[in-house]
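Read the structure below first, then the notes.
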Amino acid sequence: MMSQIEFNQVSKRYGAVEALRNVSFLIEPGDFCFLVGASGAGKSTILKLIYREEITSEGDVSLDGVNLASLSNRKVPLLRRGMGIIFQDFKLLPRQTAFDNVAYVLRALGMPPAEVRRRVIGALKVVGLLDKVDAVPEELSGGEQQRVGIARAIVNGPRLVIADEPTGNLDPQSSVEIMALLEQINQRGTTILISTHNLTIVEQMQKRVIAIADGQLVADGILNNLPSEAAIMANYNLGT
Amino acid sequence: MSNVVQTTFANMIFEVLRDLRIAQRVGLETIGGFSRTGWMNVLIVITMASILTIFGSLFLLVEQSKTFVSTLGTNMEMSIYLKDSADINDVQEDLEALPQVASISVVTKQDAWEKMRSSYPDFPEIQNPLPNTIHIQPTSPAEVPALKQGLATVEGIQAVKYPFEVLKKIQAIAKGLSIFGSFFTVFLGVLTLFIISNTLSLLIQARGREIEILRMMGIANWYIRLPFLFQGILYGLLGAFIAYFPVSFVEGYSHQAFSFFHLVSNTNHLTMAMALMVAIGTLVGGSGAILSMRKYLKI
């Protein structure tokens, strides 16, 4: 079976700064992966390469067998429609309701209003916010705002969801709830890739971890029975 | 087969409806852009209307001057006085052969003398001193220099009288007005371009979050850019609409002023000016939008 995401000897340089060095890994359809590493380790660069915000300096990044470097700029929007992206700061439109925030992209794609309503209500139901459809972001807690962000990411039925520090602005309880929600979405067959440095969450979830340090892949595997956050830090050299 | 046709037709209808919904969204985004720009809209439209008013007014004045010169030139006759020894028919034939000559009228020395005598019955009985005269009209004032050269080759001409210097001065004024108008319009155009570009840049920066979301969710670049482009173009059209009123006033005023000479007959100048104002407004507004997008919307 074809891997959903394939990094093959990928290096990325920004001028003289080498953000990634010879990084290789595969992510299969339906995987749930954490991308961990300290700030500046190269996590964001990996995500940017996947959603084709950047292209590699060396090596190849493929998504469903398509080499992203060969993808024309015109086709990038199509690529992105096949994935959902979740942001640390939620990136909700402040003056629009939860419903309108989730519906925004569907409307921009010219979807019929009835279909927009069906999908948005469906997505808000998945994230448990059916009672908040008319609330604007400032009326929602941080966790609820992130749920709206997740609803927006899944409303178009993507096969891949990328989350960049989704719990970075949340309290521990909301973080756990968000992770449970992402796991629930994963169980429906959607591939999930989460960039984080919240090792407590990583430890609790017991999922595959791709660890990056100084632009290099330092570990790739499922964490089992790890004693503590400190041990993970020590094992994978993840200085903060 | 009929199923295939039905499916194709249904797909076509679906796509048309989808495009209409997208167009509606782009329209709403454009209106939203105006709403977010606030009082800067007024500044931009006033600036745009001012530049188009100045351009339109100068254009009208230059065009009216050109028509004035042209009408004046063709109405002005050149009077050619012949030598006594010259055969009037030969000279007439030579003149008719010149391509710059539009029309000819001949006044023989006898006709001129009789006319004069009838005007002044008490005029003393002397020998007719008047020469044979041929009046010609040039095809256009611009042909006058060539016509003068042509006349130099015709035998039997004693003298030519023509108010050429006056015409040259009017032509020079029209040309100066035209050059000044062009430079001033370009200067104001660049200024307006700068104002529109910077205002829309601020708007793009203010909508940075929204634009980032749209980009990440796979919305096509043209969808993000079109509302800004439409906003810029609408500034131009609105400016042209407002400028119509002062420019039509200038047109009426100048028409009246030139009408005093009973010379100007062209009434299409306002239409031409409006068409150019709309074109320039659209161009400047659209270019301003494109400039701001190039600077702040690298997608």
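Letters A, B, ... mirror the listed sequences (proteins, then strands); counts begin at 1. Source: prediction; values computed, not measured.
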Flag side-chain contact, heavy atom, 4.5 Å: Tyr223(B) against Leu109(A): no

Arg80(A) side chain near Arg215(B) side chain, heavy-atom distance below 4.5 Å: yes

Are more than 12 heavy atoms, taken from residues, nucleotides or ligands other than [X], located less than 6.0 Å from that residue's [atom1] atom?
{"X": "Phe25(A)", "atom1": "CZ", "result": "yes"}
{"X": "Phe9(B)", "atom1": "CZ", "result": "no"}
{"X": "Arg36(B)", "atom1": "CZ", "result": "yes"}
{"X": "Tyr244(B)", "atom1": "OH", "result": "no"}
{"X": "Glu138(A)", "atom1": "CD", "result": "no"}

Minimal non-hydrogen separation, Ile85(A) against Met217(B), with atom names: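 Nearest pair, atom of Ile85(A) first, then Met217(B): O-CE, 3.6 Å.
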
Ile213(B) versus Leu93(A), closest heavy-atom pair with distance: CD1-CD2, 3.9 Å

Measuring heavy-atom distances to chain B, does [X] have an atom under 4.5 Å in its side chain, in its backbone, in both, or in neither?
{"X": "Leu92(A)", "answer": "backbone"}
{"X": "Asn156(A)", "answer": "neither"}
{"X": "Pro112(A)", "answer": "both"}

Residue-level contacts of residues 15-29 of chain B with chain A, using a heavy-atom cutoff under 4.5 Å: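 Checking residues 15-29 of chain B against chain A gives Arg18(B), Arg21(B), Ile22(B), Arg25(B), Glu29(B).
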
Qualifying residues under ring-ring contact (aromatic ring centres under 6.0 Å, His included), relative to Phe34(A), sequence neighbours excluded: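 With neighbours one apart ignored, the set is Phe32(A).
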
Atom pair CE (Met216(B)) and CE (Met83(A)), whose distance is rounded to the nearest 0.5 Å: 10.0 Å

Toward chain A, the part of Ile219(B) with a non-hydrogen atom under 4.5 Å: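 Interface part for Ile219(B): both.
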
